[in-house]
Amino acid sequence: MKECRHVAIIMDGNGRWAKAQGKPRTYGHLVGSDNVRTIAIAADELGVKYLTLYAFSTENWKRSQEEVGYIMKLPAYFFRKYMQEFLDRGYQMHMIGELDALPESTRKVLLDAVEESKDNTGLNLNIAINYGSHREIVLAANQYARDVKEGKAELGIDEKGFEKYLMTKDFPPVDLLIRTSGEERISNYLLWQIAYAELEFVPESWPEFTPEVFRRCMEEYQARDRRFGGVKA
């Protein structure tokens, strides 16, 4: 059986799912946040070691002030409800994205979760919030240039060396990328990290993404022939 260490998910469709039921988009985000707990547990049970979830992109600020404000309050709700269970299960929390641009209260909740779980050794649950891959790569390149200028790095760098400047420097490459809600695009998510990932686009929206659907994606992954640019013998 092929190892699938790192799964990344674009959690799409919360708002459309809610509107289809005659409810406000914020209701979809609430149900979607609860599903993070369900899918984290499923990932752990399926043997996944790293789960990276796209919670809020750098482009999502374009949404209504009401919707953005609601999303920024969800981390407090989520971790108040589930943090102790995550600690008991040994999950270690991580955050990627430009956290400094978040409201202070939101940033504090996220950083507190990272601090509380830093000694855990179970599932690595990584939340991408105010994250954009183009921005991540630009920031990494700028930091490398500063290091060269300050004598902290040599001019000339390979892929492995550059990865050390990325926000995901402590994680392996993505093995499987899943996007929910039927959309078939990457949306500026982990562009470097998914270079050789298998891609799975499912029709279910994020609130409908059950452990059974997740298992189906993992079974599809197992059926793929990963050659990493080579040829099958």
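FYI, side chains are in, hydrogens and waters are out, and symmetry mates aren't considered; it's all heavy atoms of this structure.
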Is the shortest distance from a Lys or Arg side-chain nitrogen in [X] or [Y] to a carboxylate oxygen in the other one below 4.0 Å?
X    : Y    : result
R179 : E184 : no
D34  : K81  : yes
R5   : D175 : no
R89  : E85  : yes
R216 : E204 : yes
R215 : E220 : no

So do [Y] and [X] actually touch side chain to side chain, heavy atoms under 4.5 Å?
X    : Y    : answer
V174 : T52  : no
I178 : L199 : no
L74  : H29  : yes
T180 : I10  : no
K49  : D44  : no

Given 3.5 Å as the limit, does a donor-acceptor pair link the side chain of [X] with the main chain of [Y], or not?
X    : Y    : result
N60  : V68  : no
N188 : H134 : yes
Q222 : K2   : yes
Q21  : A18  : no

Exercise. Indicate whether any N or O donor in one side chain lies under 3.5 Å from an N or O acceptor in the other, for T210 and E212.
Key: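 Their side chains do contain a donor-acceptor pair, which is all the 3.5 Å distance test asks for.
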Self-check item: Modelled atom types, side-chain donor and acceptor of R16 and S181, under 3.5 Å
Solution: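 Result is yes, a qualifying pair exists.
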Without placing hydrogens or testing angles, list every side-chain donor-acceptor pair under 3.5 Å for residues 159-170, not counting sequence neighbours.
from : atom 1 : to   : atom 2 : distance (Å)
E163 : OE2    : W192 : NE1    : 3.1
Y165 : OH     : D147 : OD2    : 2.9
T168 : OG1    : Q193 : NE2    : 2.7

Quiz prompt | same_hphob_cluster(V114, I127) at 4.5 Å side-chain heavy-atom cutoff | solution =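 V114 clusters together with I127.
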Quiz item: Ring centroid separation for F86 and F78, is it under 6.0 angstrom?
Solution: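 Judged by ring-centre distance (under 6.0 Å), F86 and F78 do meet the cut-off.
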Quiz item: Under 6.0 Å between ring centres, would you say that holds for Y50 and H94?
Solution: no
Exercise. Give me the ring orientation class for W61 and F56: parallel if the planes are under 30° apart, tilted from 30 to 60°, perpendicular past 60°.
Key: perpendicular
Quiz item: When the ring planes of Y189 and Y131 are compared, do they come out parallel, tilted or perpendicular, using 30° and 60° as the limits?
Solution: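 Rings of Y189 and Y131: perpendicular, over 60°.
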Quiz item: Linking Ile, Leu, Val, Met, Phe, Trp and Tyr through side-chain heavy atoms less than 4.5 Å apart, which residues share a cluster with W17?
Solution: Y27, V31
Practice problem: Starting at CD1 of I137, measure out to CG of N142 and round the result to the nearest 0.5 Å. | Solution: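 Result: 12.0 Å between the selected atoms.
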Quiz item: Can you tell me how far CG of L102 sits from CG of L110, rounded to the nearest 0.5 angstrom?
Solution: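 Rounded to the nearest 0.5 Å, the CG-CG separation comes to 6.5 Å.
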